[in-house]
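Labels below follow one simple rule: chain letters A, B, ... track the order of the sequence lines, proteins then strands, and each chain is numbered from 1.
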Protein chains: 2
Amino acid sequence: MEDHPQSTLVDVAREAGVSRATVDRVINGRPNVKAKTVAKVRDAMARLHYRPDPLAAGLARRSRHRFCFVLPTGTNAFMQDLATQIATMGDWLARNRAFVDRVEVDVFDPQALATALDELPRAYDGVAVVALDDPLVRASIDRLVADDVPVVTLISDVPASRRLRFVGIDNSAAGRTAAMLLGRFLAGQKGAVGVLVGSLSLRDHMERCFGFSQLLGREFPGLRILPVVEMRDDRDLAETAVRDLLKAHSDLVALYNAGAGNQGVAAALKAARKTPRLVFVAHELTALSRELLLAGVADAVIAQNPGHEARSAARLLLSRGLDEAIIAEQERIRIDIFLRENLP
Amino acid sequence: MEDHPQSTLVDVAREAGVSRATVDRVINGRPNVKAKTVAKVRDAMARLHYRPDPLAAGLARRSRHRFCFVLPTGTNAFMQDLATQIATMGDWLARNRAFVDRVEVDVFDPQALATALDELPRAYDGVAVVALDDPLVRASIDRLVADDVPVVTLISDVPASRRLRFVGIDNSAAGRTAAMLLGRFLAGQKGAVGVLVGSLSLRDHMERCFGFSQLLGREFPGLRILPVVEMRDDRDLAETAVRDLLKAHSDLVALYNAGAGNQGVAAALKAARKTPRLVFVAHELTALSRELLLAGVADAVIAQNPGHEARSAARLLLSRGLDEAIIAEQERIRIDIFLRENLP
DNA sequence: CTGAAAGCGCTTACAG
DNA sequence: CTGAAAGCGCTTACAG
């Protein structure tokens with residue numbers, strides 16, 4: 001059992017022959033200390049292997065962290081899950097003197113999102129936003145950052161903005177993953193593949209499509225990708241879209257839904273009663289997609305973990321406020337693949 | 001922007017008309033307080049929405065947490081990764097006044113592991129152990145727990161023991177997942193399937209085999225599972241095993257390695273140059289398995305995240321020491337599926 | 001059964 | 001440029 005002796009700031013002060021206030025100045029890089037004194041203190045710190053206690057510092061500073069999470073309105077199951085996860089981490093955050101507010105905005109309206117961001121009190125110590133890649137939104141994010149409010153983008157990125165970081169998955173890779181599974185599950189079958197998205201002006205949906213087409217085209221030449229259908233993540237529009245695809249293409253063998261609205265897709269597939277079943281790959285683990293997987297309607301679900309993403313966003317903002325290092329590996333959001341067998 | 005006013009213990013003392021020491025007694029359930037006083041304090045706490053500050057409490061208590069992680073010796077890449085991840089969280093732990101030591105033992109020797117556990121200083125505030133499901137080991141774990149040292153099992157469980165919790169994946173489900181992927185990738189092809197493990201007396205390997213056979217037998221009747229080969233996670237033994245399988249079964253179409261030693265499997269597959277390629281599913285994401293995936297030698301890798309597991313074990317032990325709640329969802333270890341396309 | 005006082009390791013005015 | 005003193009929110013002996 002190893003020893004872990006901790007020397008304190010007082011020990012360093014004594015060793016260096018200065019006061020605690022001076023040691024504090026050196027540790028925190030505050031001004032007005034003679035270079036010679038700085039050196040003395042640094043030496044003492046090194047000799048004693050001093051490691052400051054950030055918890056005590058936080059207490060003395062009475063520091064609090066207020067964060068704001070900006071989420072899209074609506075009943076999308078994934079976003080609801082995300083909201084729940086944010087609420088769930090409240091206790092943990094409170095223990096770290098951190099608090100999060102939530103704001104909801106229409107995700108399909110860049111102007112509304114930009115305004116919401118502009119109206120955010122600059123007293124916030126950090127903002128996490130499910131963004132829209134739009135010049136207006138980008139400008140609003142940059143204004144926040146200019147006002148010294150760190151911003152992380154969540155789920156959907158605005159790469160050109162000055163956000164601290166993007167918390168989400170590589171959506172092109174997610175699309176490629178979907179294509180690989182779908183292609184291999186079809187195993188040589190030839191035919192048409194339908195692709196649905198909420199909107200091609202949503203960066204994440206667009207990137208999934210891109211990755212999907214890219215890989216399918218390269219690896220599975222027997223499969224023909226049909227023109228992408230936008231259905232605004234609406235289950236009725238999705239249902240109609242799938243019905244139309246089935247009607248128009250008798251050789252339809254598979255479906256990839258890069259957006260929400262799986263309820264509609266499932267309804268159309270059920271009504272069609274095609275044999276052999278179409279291969280169907282969807283996104284996000286929800287009560288519904290889980291059911292579809294168990295029922296054998298969906299073959300695979302590509303997912304990201306909203307709990308992980310919420311905590312990661314909070315940790316990043318917190319680490320910024322506390323000036324602490326992060327564990328990079330912990331903040332990498334993975335592309336999850338779920339089959340019926342590895343459902344959590 | 002919401003307000004988050006915090007009342008302190010002093011506020012509660014004033015409101016209840018008692019001293020801080022008494023409030024402290026009530027908060028922490030210490031004895032020697034009149035029921036009436038307890039009630040007064042409770043009321044005041046409720047009125048002020050008082051929430052104790054665990055960081056300040058930790059400071060005043062000068063509490064430190066010493067944990068010990070007991071890992072298998074050897075050069076197994078996954079275990080090395082686990083060791084690295086444990087080291088990586090040192091900084092974060094230190095900030096929380098926690099420290100971890102590491103002990104290494106031969107994983108194939110129950111007696112050695114039991115002795116190592118018995119010899120662990122009872123001053124530890126928690127132990128995480130990559131266990132062996134053996135009566136000797138179980139008894140040693142139970143002795144630790146009896147001595148008031150909480151234990152979590154890591155990666156491989158001892159379900160009958162009194163361990164606080166198991167940090168790892170559901171290995172039967174992992175085996176089923178492997179079977180599902182392998183079966184679907186074969187897509188109707190008939191033939192023999194080879195299965196390798198390190199040892200059937202390792203609970204995790206055994207459970208993977210079990211899940212694998214169960215699902216393959218049920219869902220893919222065209223595939224014939226060959227008798228399981230034990231190769232002690234040794235690359236040379238693994239290579240020989242695969243060579244033998246290839247020689248003995250001309251209809252071998254797929255391979256599942258539930259253990260380590262993928263290097264040997266890959267070498268044998270390479271030497272055989274069979275067309276069409278065998279479908280090969282392996283476990284754990286390592287430098288090698290990643291390469292095999294990229295090279296198209298392995299079709300899928302079933303994995304667990306050692307960084308997540310190390311942090312989860314530490315969080316569980318820490319939450320025990322601090323008497324704090326955990327976020328259950330965060331401590332669930334997922335069965336990861338990696339294809340070439342979603343490699344991190 | 002209860003409280004006054006000192007202290008945990010650091011920071012913050014304030015004085016010089 | 002530097003230090004003495006008070007304080008962050010809680011706990012710990014000790015006294016009564």
For this session: Identify whether the distance between the nearest side-chain nitrogen and carboxylate oxygen of A:Asp11 and A:Arg14 falls below 4.0 Å.
Result: yes

Problem set entry | Cationic N near anionic O, under 4.0 Å, B:Glu119 to B:Arg143 | no

Problem set entry | Touch class at under 4.0 angstrom, heavy-atom based, for B:Val23 against every strand present | nothing

Exercise. With sugar-phosphate meaning primed atoms plus P, OP1 and OP2, does A:Asp53 contact a base, only sugar-phosphate, or nothing at under 4.0 Å between heavy atoms?
Worked result: sugar-phosphate

Donor-acceptor check, side chain of [X] to backbone of [Y], threshold 3.5 angstrom: yes or no?
{"X": "B:Asp142", "Y": "B:Ser161", "value": "no"}
{"X": "A:Asp147", "Y": "A:Val149", "value": "no"}
{"X": "A:His65", "Y": "A:Val100", "value": "no"}
{"X": "A:Arg97", "Y": "A:Arg95", "value": "no"}
{"X": "B:Asp101", "Y": "B:Cys68", "value": "no"}
{"X": "A:Asn76", "Y": "A:Phe78", "value": "yes"}

Exercise. Can you give the dot-bracket line for DNA chain C, using ( ) for pairs inside the strand, [ ] for pairs that cross earlier ones, | for pairs with another strand and . for unpaired bases, where Watson-Crick and G-U count if both distances are under 3.5 Å?
Worked result: |||.||||||||.|||

For this session: Examine D:dG9: is either OP1 or OP2 under 4.0 Å from a nitrogen or oxygen in the side chain of B:Thr8? Give yes or no.
Result: no

Problem set entry | B:Thr22 side chain near C:dT2 phosphate (N/O to OP1/OP2, under 4.0 Å) | no

What's touching nucleotides 11-13 of chain C from the protein side, N or O pairs under 3.5 Å?
from	atom 1	to	atom 2	distance (Å)
C:dT11	OP1	A:Asn28	ND2	3.2
C:dT11	OP1	A:Arg61	NH2	2.9
C:dT11	OP2	A:Asp24	OD1	2.1
C:dT11	OP2	A:Asn28	ND2	3.2
C:dT11	O5'	A:Asp24	OD1	3.1

Exercise. Which comes earlier along DNA chain C counting from the 5' end, the contact point of B:Val18 or that of A:Pro52, where each point is its nearest nucleotide?
Worked result: B:Val18

Between atom [atom1] in [X] and atom [atom2] in [N], what is the gap in whole Å?
{"X": "A:Lys40", "N": "D:dC1", "atom1": "NZ", "atom2": "P", "result": "14 Å"}
{"X": "A:Asp11", "N": "C:dC8", "atom1": "CG", "atom2": "P", "result": "10 Å"}
{"X": "B:Leu59", "N": "D:dG7", "atom1": "CG", "atom2": "P", "result": "17 Å"}

For this session: Go through the structure and list residues passing side chain to side chain contact (heavy atoms under 4.5 Å, CB included) with A:Leu316, not counting sequence neighbours.
Result: A:Val152, A:Arg165, A:Val167, A:Ser312, A:Ile326, A:Glu331

